[in-house]
Structure formats: structure tokens, C-alpha cells
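Remarks on the structure that follows.
To find a chain, count down the sequence lines: A is the first, B the second, and so on, and within it residues start at 1.
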Protein chains: 2
Amino acid sequence: MPGPIQPELFPQIREAFRLYLRRRGIKDTQARRSILDIVLDFREHFEAEQVLYALKEAGRRVGKATVYRTLPLLVDAGILKEVRFGKKQAHYEQVYGQAPHDHMVCRRCGIIYEFDAEEVIALRHRIASQKRFHADGHRFQLVGLCEHCATAPPQV
Amino acid sequence: MPGPIQPELFPQIREAFRLYLRRRGIKDTQARRSILDIVLDFREHFEAEQVLYALKEAGRRVGKATVYRTLPLLVDAGILKEVRFGKKQAHYEQVYGQAPHDHMVCRRCGIIYEFDAEEVIALRHRIASQKRFHADGHRFQLVGLCEHCATAPPQV
DNA sequence: ATGCTTGCAAAACGTTTGCACAGGG
DNA sequence: CCCTGTGCAAACGTTTTGCAAGCAT
């Protein structure tokens, strides 16, 4: 269900990041490029720690602080989105060229499903215009039980 | 805009908590009652640290650990709800006897407005039944600029 | 050349836990 | 009276920061 990313898009995304950095007047460094590359390979949601680990795996020597400093840039560049699932850590997912979607989180087993955000965006616009709020984004999650947990016997 | 709570409801809420504790077979202690009382006096969203501080102010000697252990009980009892605004800390707000609502968060100044959740709940049900997910709750926030920040000149 | 960026380690932060003592049922 | 709940302090995991050295522009 979750959206993998087509490798054909990679060059386009790298270019978008390069342009973003130039536009913001910040440097196009090796570390930042490495982080982008690692991040493009994730299929699902991931957290900073996983980026750090994958960088080590790939033999790229990038420090933890740099990861934490770069992820917000990728968010600002429109390549990633920060998603919070009620845990303390931030999670991220790719958004570049992906259809907008939101998440359903099973309270029992933690599984996460995605669903199309079209209707949510329509509702967002309706509410924002009523309240004179200039909404350009939203966070939306359904919380409950997945089909399996809902029919399974009560926990031990 | 945010929902203050009517003091007339206080006894009813205290009673609800007492019943909740009895039903769960856990003790109705002085510390737990103190925390409930403090929490009822907040008008807006608050975090654990503020509860701790207000307890000190009120001369009630309650430890930090007890606050962190009690807030989830109040959530489970249906008196509070945990709300996350993308920060690392949890925020809480009263829900007992309050109309369901969600939040709009201004990205620039951080101001938070509430809006009625009726339409959101309807949408939640529609999506959940399509996806065979048993949703009994949701998290929803609009993110953008409030009227003031949208018309103000760009930041310094 | 110069100043943003990096990596490291240490600090900060909110939250959780281990433990001996206190207090509710 | 027993056993849960408490307070303290220390541990925890994530994120941020200070700083000297490195590297884009």
C-alpha cells in the first residue's frame, strides 16, 4: 500500500534539491547530497536514526548532527514530509511526486495504512475559508483498530 | 475561541474519575485528586510541565513522576485528550462534556484556533468504512497562516 | 579567502524507571 | 496490614548545541 518511489524520478529530485539550496543561498555539500540519496531509497516511513544507520551501511561518513540538520531542509524543499504518529520521534516520508495521502494507525498492532487525501484536502479548504485561515497543509490520522485486530480475541 | 470549562461540571468530573478508578481497581489517592483539580483549571492546552508548576503554586506536593503517571489515567477516563502539535512534548486538553473539535495551527506565530469536528468525524466514518478500518478517533490539524500573519509583511 | 558546514562530544529536553518509604483499601 | 502508589534521583532516547577543523563558493 505505501508509496514506493520510482527511481526514474531520482535525478529530478536531486536537481530540485540543488535548486532549492541555491535559491536559499546555502551550500550544496557532499553530506547533504548523501542524505538525500539515502532518503530516496526508503520505501516507507523512516526516522532520523534509520538514515544514520543506512549512511553507515553505505559507507558514507556523515554525522548524526548533520542528519538532524538536513532533514528539515528536505522538508522545506518539498521532498520530505514530517509525520508524527504520537511517538516522541519524528518520522519522515517522501512527498515529491507522490499523491497526497494520510494515515490510519492501528492502536493495537501499530500497523499503518495510507489512504488518498483528496477528500481531506477538500474539507481542509472548506474549513479554512470559513474561518479565514490560510491553510496550505494538514495533519490527519485515523486512530482505531485494523480489520485483523478488531476481529481478534482480546489481548492476553 | 478555545473551550473554557464550566466550574459547575467539576463535581461531576471528579465523580467520574472516582468511578473510573474504582472500576479499574486502582486507588483514589490524594495526589491523583490534586492533579485532576489542577487540570480542571486550565483553559487551553497544557503540558505536563505546566501541571507540575501549577501544583507547586497551589502548594500541593506532588512529584513529576506522579504527574506523568496520572495524565494517561485522565485520558483513559475520558477527561483529557492528548494532542500533539508537532513538538516533542505531549499537550493535553479537557474533553469531558466538550464538543469534539480540531485545531488550526499558524506556522508563523503558533496561535491555535479550534473548529468544530462534526464534518471531520463524518469524513472519518466514510473513509474507515471504505477501508474496513475500525476508527474510533482521529487527529486532525490544519497548518498554515492565521489571518494576521497572512497579511503581515514578511518576517524580519 | 572566508565563512557556512561538518563531526564530535556534550548538553538539553521530555519522559520513564528503580527503589525505599508512605498511605489507601 | 498488605500492597499499590509516591517521590526522588538517576536513566533513557531523541534532538540540539558549542566548538575547532573542513570545504564550497
Side-chain angles (χ1 to χ4, degrees), chain A residues 14-15 17-39 45-77 80 82-92 110, chain B residues 14 17-39 45-77 80 82-92:
Chain A
R14 284 191 263 257
E15 180 64 9
F17 190 43
R18 214 177 55 72
L19 289 175
Y20 165 82
L21 293 173
R22 172 179 305 190
R23 181 161 26 87
R24 287 271 317 255
I26 56 188
K27 293 180 180 168
D28 184 5
T29 65
Q30 184 55 57
R32 286 176 179 148
R33 267 171 291 168
S34 292
I35 292 168
L36 173 58
D37 275 2
I38 289 298
V39 142
H45 317 99
F46 58 90
E47 41 192 282
E49 203 59 39
Q50 292 174 59
V51 177
L52 200 51
Y53 180 77
L55 282 163
K56 283 206 194 339
E57 285 282 283
R60 322 248 193 147
R61 204 154 285 110
V62 179
K64 170 189 299 197
T66 304
V67 171
Y68 278 100
R69 287 187 276 231
T70 300
L71 289 172
L73 295 179
L74 289 165
V75 170
D76 195 43
L80 296 183
E82 188 186 302
V83 197
R84 299 240 169 200
F85 293 115
K87 310 285 198 80
K88 69 194 75 175
Q89 338 88 287
H91 288 244
Y92 296 87
Chain B
R14 284 192 263 255
F17 191 41
R18 215 177 53 72
L19 290 175
Y20 166 82
L21 293 172
R22 173 178 306 188
R23 182 161 25 88
R24 288 271 317 253
I26 56 188
K27 292 179 181 171
D28 185 5
T29 65
Q30 184 55 56
R32 285 175 180 151
R33 270 175 308 214
S34 292
I35 292 168
L36 173 57
D37 275 3
I38 288 299
V39 142
H45 317 99
F46 58 90
E47 41 192 281
E49 203 60 39
Q50 293 173 60
V51 176
L52 200 52
Y53 180 78
L55 283 163
K56 284 205 195 339
E57 285 283 282
R60 320 247 193 148
R61 203 153 288 110
V62 179
K64 170 189 297 195
T66 303
V67 170
Y68 277 100
R69 286 188 276 233
T70 300
L71 289 172
L73 295 179
L74 289 165
V75 170
D76 195 44
L80 296 184
E82 188 184 303
V83 198
R84 299 239 170 200
F85 293 114
K87 310 282 199 85
K88 69 192 75 172
Q89 339 88 287
H91 288 244
Y92 296 87

Nearest-nucleotide comparison on DNA chain C, the residue closer to the 5′ end among B:His91 and B:Thr29: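 Going by which nucleotide is closer to the 5' end, it is B:His91.
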Comparing B:Ile26 and B:Gln89 on DNA chain C - which has the more 5′ nearest nucleotide: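 It is B:Gln89, whose closest nucleotide lies nearer the 5' terminus.
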Note: A:Asp28-A:Arg22 ion pair, threshold 4.0 Å (strictly below):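 Result for this pair is no, no salt bridge flagged.
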Grab the [atom1]-[atom2] distance between [X] and [N] for me, whole Å please.
X: A:Gln50; N: D:dT15; atom1: CD; atom2: P; answer: 11 Å
X: A:Lys88; N: C:dT16; atom1: NZ; atom2: C1'; answer: 7 Å
X: B:Gln30; N: C:dG24; atom1: CD; atom2: P; answer: 7 Å
X: B:Leu52; N: C:dT16; atom1: CG; atom2: P; answer: 14 Å
X: B:Arg22; N: C:dG25; atom1: CZ; atom2: C1'; answer: 11 Å
X: B:Leu55; N: D:dG7; atom1: CG; atom2: C1'; answer: 13 Å
X: A:Ile35; N: C:dT5; atom1: CD1; atom2: P; answer: 13 Å
X: A:Arg33; N: C:dT6; atom1: CZ; atom2: P; answer: 10 Å

Taking every non-hydrogen atom, the tightest pair across A:Glu82 and A:Arg84: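 Looking at all heavy atoms of both residues, the shortest contact is OE2-NE, 2.9 Å.
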Validation row: B:Leu71, B:Val75 side chains within 4.5 angstrom (heavy atoms):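 Result no, sub-4.5 Å side-chain heavy-atom pair not found.
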Atom pair CG/CZ of B:Asp37 and B:Arg60 - distance to nearest 0.5 Å: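 Going from CG on B:Asp37 over to CZ on B:Arg60, the span is 5.0 Å.
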D:dT15 OP1/OP2 closer than 4.0 Å to side-chain N/O of A:Tyr68: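 True: A:Tyr68 side-chain N/O within range (under 4.0 Å) of D:dT15 OP1/OP2.
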Touch class at under 4.0 angstrom, heavy-atom based, for B:Arg69 against every strand present: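 Base, at least one base heavy atom under 4.0 Å.
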Sugar-phosphate only, base, or nothing, as touched by A:Ala65 at under 4.0 Å among non-hydrogen atoms: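 Result for A:Ala65 = base.
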